[in-house]
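Input: a single structure, listed below in structure tokens.
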Number of protein chains: 2
Amino acid sequence: MSTDLLLQNIRKHISLTGVEGDKIISKLKKITLKKKQFLLHEGQIAHEVAFVISGCLRSFSVDENGFEHILQFAPAEWWITDMYSFISEKEAHLSIDALMDTEIMTLSRKNQLQLFDEIPGLERYFRILTENSLVASRSRLIDNLSLTAKQRYQKFCTTYPSLINTLPQKLIAAYIGVTPEFLSKLRKL
Amino acid sequence: MSTDLLLQNIRKHISLTGVEGDKIISKLKKITLKKKQFLLHEGQIAHEVAFVISGCLRSFSVDENGFEHILQFAPAEWWITDMYSFISEKEAHLSIDALMDTEIMTLSRKNQLQLFDEIPGLERYFRILTENSLVASRSRLIDNLSLTAKQRYQKFCTTYPSLINTLPQKLIAAYIGVTPEFLSKLRKL
DNA sequence: GGAAAACATTAACCTAGATTAATTAATTTA
DNA sequence: TAAATTAATTAATCTAGGTTAATGTTTTCC
């Protein structure tokens, strides 16, 4: 079952009784996305957070010149949403779409908060995930401030070796913050 | 009392009994830092997270060329630590020092985790803070990828109006990711 | 299986922001 | 309060990375 992957993931961080696991599963919605299909459009409200079972999603924003900037890739076992919209219920600044055919389980903020009251361990699980995400986000910020494009590309290669061969280069360029043309040049040097 | 500021802050997000408040306070350590004094040096382990009562701290990293990059300013009522080191107990990548004479209350990770077991509301409080920090960090990442230096400076001015007149320009430059020389030029345009 | 679309490469030229270095404020501290 | 640090400004020069545009290479999908 695809829910096993999620419960397993949760149990890496906290322990859950069978009943608690069932309760969590009962709040999840399974969705299948075709490649290029959107889970969230900028301007909508992100009522749900998604856990990727298989495939890969990305979150990105489009700047005033029409350039896409990728905030996050979410391959299997990652959570993804527009966190700003998810917690504030305001219009999302990000869009989320599928980079390949993708299966996800979604959990609404409403259900999540309700589960936090019923299953304190689940709040702990998300507290831990959010701490880890914060560390990752801040580390990436520092990298963007202090490394050259070449160094950022190399770091990406070692940090996400599985994505390097899976994703088109232009997406990696949009993640590390260079043009596809410059990334192409970079790879020769 | 300086602990009032902290309890008040916590009570903005969750409710606490008097006993719970006392228990939290009993785990806190009050520290006074003189301007330029370090709370944490890169390479040490960040056993504590600090809540600023008055004054202002910053966290920063030093790159291979000796340039400082500021990750966070923490004026009154902000929490600050090297989150990576704090949650992993590994060597910090960041340093933290005082930009002026500063009073803080610190809480060790050990005590924090113990309090999470005793006072679920406190875990919720930190879950919420961490969610908000994640939103802020990701938003800053997007800004660094999509805005010009000028736009980032303007955004900084509107986001942290109180800091603009308090902090030396070179620190603001180190936060938005430009040289002090270029920031100076920017301000004329 | 082949046309169309999407992606990658290359090269010439351009620009935002860095570097260096000198000059002038403004703070610190003795 | 004066010397010494530290911060800010200015200007000339330099460079990492962007832009544009043309060409070649994969994918997609009918």
Side-chain angles (χ1 to χ4, degrees), chain A residues 33-38 55-56 58 60 62-70 73 97-102 141-157 163-189, chain B residues 33-38 55-56 58 60 62-70 73 97-102 141-157 163-189:
Chain A
L33 295 168
K34 300 296 272 182
K35 183 171 180 173
K36 294 196 179 171
Q37 201 178 335
F38 279 72
C56 190
R58 65 161 176 170
F60 65 101
V62 182
D63 71 23
E64 57 187 3
N65 304 310
F67 288 100
E68 293 179 0
H69 303 280
I70 296 179
F73 292 116
D97 66 2
L99 301 176
M100 56 192 79
D101 292 356
T102 298
L141 231 180
I142 290 287
D143 287 349
N144 276 287
L145 291 171
S146 47
L147 302 182
T148 64
K150 178 100 200 243
Q151 293 172 316
R152 273 177 275 141
Y153 176 65
Q154 288 168 335
K155 196 155 182 176
F156 185 91
C157 291
L163 294 181
I164 276 296
N165 303 304
T166 324
L167 299 181
Q169 255 170 238
K170 60 176 288 209
L171 294 183
I172 293 161
Y175 182 92
I176 65 176
V178 294
T179 57
E181 292 84 355
F182 190 66
L183 177 56
S184 181
K185 187 194 281 187
L186 226 52
R187 282 156 45 88
K188 309 262 108 129
L189 305 181
Chain B
L33 296 168
K34 300 296 272 182
K35 183 171 180 172
K36 294 196 180 172
Q37 202 179 333
F38 279 73
C56 189
R58 66 160 176 171
F60 65 100
V62 182
D63 71 23
E64 56 185 4
N65 304 310
F67 289 99
E68 293 179 359
H69 303 280
I70 297 179
F73 292 115
D97 66 3
L99 301 176
M100 56 192 79
D101 293 356
T102 298
L141 231 181
I142 290 287
D143 287 349
N144 276 287
L145 291 171
S146 47
L147 302 182
T148 64
K150 179 100 201 243
Q151 292 172 315
R152 272 177 276 141
Y153 176 64
Q154 288 168 336
K155 197 154 182 177
F156 185 92
C157 291
L163 295 180
I164 275 297
N165 303 306
T166 325
L167 300 180
Q169 252 170 242
K170 59 176 288 208
L171 294 183
I172 293 161
Y175 182 93
I176 65 176
V178 295
T179 58
E181 292 83 355
F182 190 66
L183 177 55
S184 180
K185 188 194 282 186
L186 226 52
R187 283 158 44 89
K188 309 263 108 131
L189 305 181

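Chain letters run A, B, ... following the sequence lines, proteins first and then strands; every chain starts at 1. As a basis for the values below, the full set of heavy atoms in this structure was taken, side chains included, without hydrogen atoms, waters or symmetry mates.
Across every non-hydrogen atom of A/Ile70 and A/Leu171, the tightest pair is CD1-O, 3.4 Å.
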**Request:** Decide salt bridge (charged side-chain N to carboxylate O under 4.0 Å, His left out) for A/Asp101 and A/Lys34; before the verdict, give the C-alpha distance in whole Å, the side-chain angles of both, and the deciding distance to 0.1 Å.
**Result:** CA-CA 4 Å; A/Asp101 292 356; A/Lys34 300 296 272 182; 3.7 Å; yes
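Comparing the end axes of the helix from C/dG1-D/dC30 to C/dA30-D/dT1, each fitted to five base pairs by superposing C1' atoms of four pairs onto the next four, gives an inter-axis angle of 60° (nearest 10 degrees).
The backbone N or O of A/Met100 lies less than 3.5 Å from a partner atom in the side chain of A/Thr102, making a donor-acceptor pair. Between the B/Asp143 side chain and the B/Leu147 main chain, no donor and acceptor come within less than 3.5 Å of each other. One N or O on the side chain of B/Asp63 and one on the backbone of B/Asn65 form a donor-acceptor pair closer than 3.5 Å. Between the side chain of A/Ser146 and the backbone N or O of A/Ile142, at least one donor-acceptor pair lies under 3.5 Å.
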What's touching nucleotides 24-30 of chain C from the protein side, N or O pairs under 3.5 Å?
{"unit_1": "C/dT28", "atom_1": "OP1", "unit_2": "B/Lys35", "atom_2": "NZ", "d": "2.9"}

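Taking the six-membered ring for Trp and thresholds of 30 and 60 degrees, B/Phe156 and B/Phe73 have ring planes more than 60 degrees apart, a perpendicular arrangement.
Atom P of nucleotide D/dT27 and atom CE of A/Met100 are separated by 13 Å, given to the nearest angstrom. We find that CZ of B/Phe182 is positioned 12 Å from P of C/dT19, with the value rounded to whole Å. Rounded to an integer number of Å, the gap from A/His69 NE2 to D/dG17 P is 16 Å. Rounded to an integer number of Å, the gap from A/Leu147 CG to D/dA16 C1' is 14 Å. Distance, B/Phe67 CZ to C/dA18 C1': 8 Å, rounded to whole Å. For the pair A/Leu167 CG and C/dA8 C1', the computed distance is 15 Å after rounding to whole Å. For the pair A/Leu145 CG and C/dA18 C1', the interatomic distance rounds to 15 Å; values are reported in whole Å. Whole-Å rounding puts the A/Lys185 NZ to C/dA11 P distance at 10 Å.
Between A/Lys155 and A/Lys150, the closest side-chain pair of non-hydrogen atoms is not below 4.5 Å.
The closest side-chain donor-acceptor pair between B/Tyr153 and B/Arg187 falls under 3.5 angstrom.
A salt bridge is absent between A/Glu181 and A/Lys170; no separation between the charged side-chain nitrogens and carboxylate oxygens falls under 4.0 Å. Ion pairing between B/Lys36 and B/Asp97 fails under the 4.0 Å rule for side-chain N and carboxylate O.
Contact check of residues 168-181 of chain A against DNA chain C (heavy atom, cut-off under 4.0 Å) returns A/Pro168, A/Gln169, A/Lys170, A/Glu181.
Note on B/Lys188: only backbone sugar-phosphate atoms sit closer than 4.0 angstrom, heavy atoms only; bases stay farther off.
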